Number of protein chains: 2
Amino acid sequence: MLADVAAEAGVSPTTASYILNGRADEMRIAPATVAKVQAAVADLGYRPNRSARSLRTRRTATVGLVSDQIAGEQYGSSMLTGASLAARELDHLVVMGESGGDPELERLLIEEMLERDVDGVVYATRTARTVHLPQGLRGVRSVLLNCEDLDERLPSVVPDDEGGGRAAVATLLAAGAREVWVVGEDPVPEATAGPRRMAGIRAELATHGLDVAGLVRCDWSVTEGFEATSRWLAGGGRADGLVCMNDRLAMGVYQALAEAGLRVPDDVSVVSFDGSALAGWLRPALTSVELPFTELGALAVRRLLDPADHGGTDSVPMRVRAGGSVRPA
Amino acid sequence: MLADVAAEAGVSPTTASYILNGRADEMRIAPATVAKVQAAVADLGYRPNRSARSLRTRRTATVGLVSDQIAGEQYGSSMLTGASLAARELDHLVVMGESGGDPELERLLIEEMLERDVDGVVYATRTARTVHLPQGLRGVRSVLLNCEDLDERLPSVVPDDEGGGRAAVATLLAAGAREVWVVGEDPVPEATAGPRRMAGIRAELATHGLDVAGLVRCDWSVTEGFEATSRWLAGGGRADGLVCMNDRLAMGVYQALAEAGLRVPDDVSVVSFDGSALAGWLRPALTSVELPFTELGALAVRRLLDPADHGGTDSVPMRVRAGGSVRPA
DNA sequence: TGATGCGGCTGATTCGATTCAGCAGTGGTA
DNA sequence: TACCACTGCTGAATCGAATCAGCCGCATCA
């Protein structure tokens with residue numbers, strides 16, 4: 001207890017409190033007194049009671065993180081890692097909840113977090129998309145992670161998918177590809193990754209006077225990638241560069257290419273998005289534009305706890321992680 | 001505030017408190033009074049202040065979860081999912097921290113959680129292993145998740161790797177395999193998964209009068225699996241059944257078999273451990289003995305919050321997730 | 001008729017910090 | 001010598017619930 005520390009140091013709890021809160025100068029506490037209190041703290045191994053403090057200050061040194069999916073494709077969890085580390089650096093802890101996409105559970109989780117007076121809430125989605133801020137978070141300090149609310153001007157942190165699209169194409173063009181096909185589309189209307197990557201892809205091709213040579217439609221799964229690509233190849237499809245919308249899809253593409261007797265990268269160069277572990281497991285390793293999930297998570301927490309935050313969207317750059325799937329020029 | 005509710009209902013805060021804590025019967029509050037208070041609660045949208053409650057009760061309806069790694073190979077995050085869901089069912093939230101294996105950070109995280117009066121701590125590791133309970137958790141209510149402390153008799157929750165090993169072999173034997181090789185070993189002395197699976201594998205083979213035909217040594221990564229298996233095949237290695245110690249490794253094995261012109265499952269049946277998403281992505285889909293991470297996480301939290309928990313280790317069964325990598329008998 | 005018991009409720013204290021308002025003592029100034 | 005300013009510290013209230021120890025009125029019983 002603070003009272004014990006004060007007694008041990010021979011001062012009042014008030015004085016001890018000021019010293020422990022770094023207000024010694026402001027309150028002109030004598031250096032000797034500060035030293036006495038600090039000695040008492042060390043001596044007694046004093047740890048403040050956070051509940052008591054929170055009761056007065058309404059702050060808990062705790063941030064909430066609600067997500068639709070944390071596990072699954074190993075993405076969400078990297079955001080958590082980043083959030084956890086950034087929170088620690090700022091002397092906070094992360095209270096997390098996974099809604100599984102259930103709005104009712106999401107509501108409950110948010111309510112529970114607010115009851116516990118979290119200092120703010122990070123609202124995250126597994127896939128980049130637009131959302132509407134849940135009712136329960138209106139008026140609550142919050143940051144959107146991997147998603148955006150286009151109506152409000154809420155602080156949000158997303159990957160720079162358009163820049164990623166440009167980088168993917170730049171990699172192919174630098175390797176001499178000229179016939180660039182895109183594999184995958186985004187069937188979810190709210191999803192932002194697909195359209196933005198597409199815009200970047202087109203923009204970069206345009207700087208070389210090119211356009212997308214063609215689009216293989218399929219959703220972002222291994223099996224769909226395999227089947228759609230197989231059909232495309234069977235129909236005489238050909239390209240010297242393929243941009244796959246994510247790594248899983250690219251795995252299916254690899255399988256289809258292999259069955260058709262085409263070699264990566266000798267016959268066709270492949271780049272993809274995600275930069276997941278899977279990219280490194282394929283043979284040859286897949287060159288992939290990395291989703292910076294750890295940074296996204298960390299940045300979201302930093303912005304949440306930054307009183308001077310300006311609001312608006314931060315787009316975090318996506319870097320190319322080179323594998324062996326692009327033929328050297 | 002509770003006082004507002006009491007005022008609105010025309011009773012004392014004491015009475016309101018008893019009612020809200022389900023002690024109306026015990027305190028023989030008249031049903032009419034109970035109704036008045038409940039109406040006031042609904043009317044005012046009253047939510048208790050958890051900090052105030054915690055200050056008195058020393059309980060926070062919050063559990064800590066410290067892990068060495070949460071992200072990464074998508075395993076840890078499933079434990080989190082299970083923990084989060086189980087916590088919600090018991091009206092708790094999860095405060096999580098990832099130490100990255102750094103003992104100092106781990107110490108800090110535990111300290112911060114204890115300062116915040118978590119009702120207990122789940123101590124988790126990404127890979128199944130033996131550990132020593134951190135100093136900071138001595139005397140603290142805690143449950144080990146995916147690890148065990150062999151010295152103490154602490155409550156811990158782990159997968160039944162030995163049963164998993166038996167199940168893996170049973171699957172191969174049922175398909176007629178007789179020459180069963182095992183790929184992978186565990187280079188980490190504290191790791192428990194490898195030896196236990198091995199014991200199960202041997203035990204199941206023994207019931208058929210068989211033993212492991214041979215062991216391909218390598219650690220549990222795609223590239224190592226590929227290289228070690230390639231060498232083994234090049235040296236004339238042959239088997240009708242392969243047990244791979246995990247799915248990543250099995251992916252490397254697939255690659256090596258493909259390069260050697262061997263077909264799964266026609267030439268060789270393959271089973272593996274993990275039951276990860278990756279298993280489903282391979283062609284043919286990999287038959288894999290599933291690590292029940294979600295259940296492990298949920299069970300750990302339930303035991304943590306069960307005052308009647310008996311201590312000791314719970315081994316959660318591992319089920320075979322059938323793919324197409326075992327040739328039908 | 002007084003003691004006893006019980007149903008139904010409440011006053012006052014407590015948890016452990018933060019913080020406002022203010023109080024001694026000292027030295028300087030008019 | 002009265003006034004003031006400043007240094008260095010403290011008393012007491014406060015945050016919002018939980019809970020112990022009763023209190024009042026009425027029915028029951030010897």
Side-chain angles (χ1 to χ4, degrees), chain A residues 1-41 44-62 91 111-119, chain B residues 1-41 44-62 91 111-119:
Chain A
M1 282 207 354
L2 184 58
D4 297 340
V5 171
E8 167 108 355
V11 299
S12 73
T14 306
T15 302
S17 174
Y18 283 139
I19 291 169
L20 294 182
N21 288 308
R23 300 178 60 186
D25 282 1
E26 176 194 348
M27 290 292 142
R28 356 166 194 267
I29 312 286
T33 309
V34 172
K36 271 191 300 180
V37 169
Q38 282 168 346
V41 164
L44 301 174
Y46 170 73
R47 292 274 130 207
N49 179 314
R50 301 281 190 155
S51 297
R53 171 178 299 178
S54 301
L55 179 56
R56 280 243 54 184
T57 62
R58 316 243 108 205
R59 277 178 291 101
T60 51
T62 274
D91 285 312
E111 199 165 84
E112 293 253 343
M113 288 178 182
L114 296 182
E115 273 181 28
R116 284 173 182 75
D117 271 329
V118 292
D119 296 344
Chain B
M1 281 204 359
L2 184 57
D4 297 338
V5 171
E8 167 107 355
V11 300
S12 73
T14 305
T15 304
S17 174
Y18 284 139
I19 292 170
L20 294 181
N21 288 309
R23 299 178 60 186
D25 283 2
E26 176 194 346
M27 290 291 142
R28 351 164 199 268
I29 312 286
T33 309
V34 171
K36 272 190 302 181
V37 168
Q38 282 168 347
V41 163
L44 300 174
Y46 169 73
R47 295 271 130 209
N49 178 312
R50 301 282 190 152
S51 298
R53 173 178 296 179
S54 301
L55 179 56
R56 280 243 53 185
T57 63
R58 315 244 106 204
R59 277 177 291 101
T60 50
T62 274
D91 285 311
E111 199 165 84
E112 293 252 341
M113 289 179 181
L114 296 182
E115 274 180 27
R116 285 174 183 73
D117 271 328
V118 292
D119 295 344

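Proteins come first, then strands; the chains are lettered A, B, ... in the order of their sequence lines, and each starts at number 1. It should be emphasised that the depicted structure is a prediction, and the values quoted were computed from it without experimental measurement.
Of the two residues near DNA chain C, B/Lys36 and A/Ala3, the one whose nearest nucleotide lies more 5' is B/Lys36.
In this structure a side-chain-to-backbone donor-acceptor pair under 3.5 Å is missing from A/Asp25 to A/Arg28. Looking only at distances, no side-chain donor or acceptor of B/Asp119 sits under 3.5 Å from a matching main-chain atom of B/Arg59. With B/Asp117 contributing its side chain and B/Arg58 its backbone, the two residues share no donor-acceptor pair below 3.5 Å.
The nucleotide range of DNA chain D contacted by chain A, defined by atoms under 4.0 angstrom from heavy atoms of the protein and reported 5' to 3', is D/dT7 to D/dG16. For DNA chain C, the contact window with chain A, defined by any atom under 4.0 Å from a protein heavy atom, covers C/dG16 to C/dC20 in 5' to 3' order.
Using a 4.0 Å heavy-atom distance criterion, B/Arg58 is classed as a sugar-phosphate-only contact.
Residues of residues 20-34 of chain B that place a heavy atom closer than 4.0 Å to DNA chain D, in numerical order, are B/Asn21, B/Arg23. Shown for residues 9-16 of chain B: residues whose heavy atoms fall under 4.0 angstrom of DNA chain C, namely B/Val11, B/Ser12, B/Thr14, B/Thr15.
The salt bridge (Lys or Arg N to Asp or Glu O under 4.0 Å) search around A/Asp91 returns A/Arg88, not counting sequence neighbours. Every residue two or more places apart in sequence or in another chain was checked for a side chain to side chain donor-acceptor pair (under 3.5 Å) with B/Ser51, and none qualifies. With sequence neighbours excluded, the residues forming a side chain to side chain donor-acceptor pair (under 3.5 Å) with A/Arg23 are A/Glu26, listed by chain and number. Contacts of A/Glu8 classified as side chain to side chain donor-acceptor pair (under 3.5 Å), with partners at least two apart in sequence or in another chain: none. Partners of A/Ala6 according to the side-chain contact (heavy atoms from CB on, under 4.5 Å) rule, which considers only residues two or more places apart in sequence or in another chain, are A/Val11, A/Pro13, A/Ala16. By the side chain to side chain donor-acceptor pair (under 3.5 Å) test, B/Asn21 is found to be paired with B/Ser17, residues two or more places apart in sequence or in another chain being considered. Judged as a salt bridge (Lys or Arg N to Asp or Glu O under 4.0 Å), and not counting sequence neighbours, B/Arg53 has no contacts.
Side-chain contact of B/Arg116 with A/Thr62: a donor-acceptor pair under 3.5 Å is present, judged by distance alone.
Residues B/Val118 and B/Thr60 approach most closely at CA-OG1, 3.6 Å, considering heavy atoms. The two atoms that bring B/Ile19 and B/Thr33 nearest to each other are CD1-O, 4.0 Å, heavy atoms only. Pairing each heavy atom of A/Arg50 with each of A/Ala61, the nearest pair is NH1-CB, 3.5 Å.
The C1' atoms of five pairs define one axis at each end of the helix from C/dT1-D/dA30 to C/dA30-D/dT1, and these two axes lie 70° apart (to 10°).
Partner A/Tyr46 forms a side chain to side chain contact (heavy atoms under 4.5 Å, CB included) with one of A/Val37, A/Leu20, A/Asp4 and no other, that one being A/Leu20.
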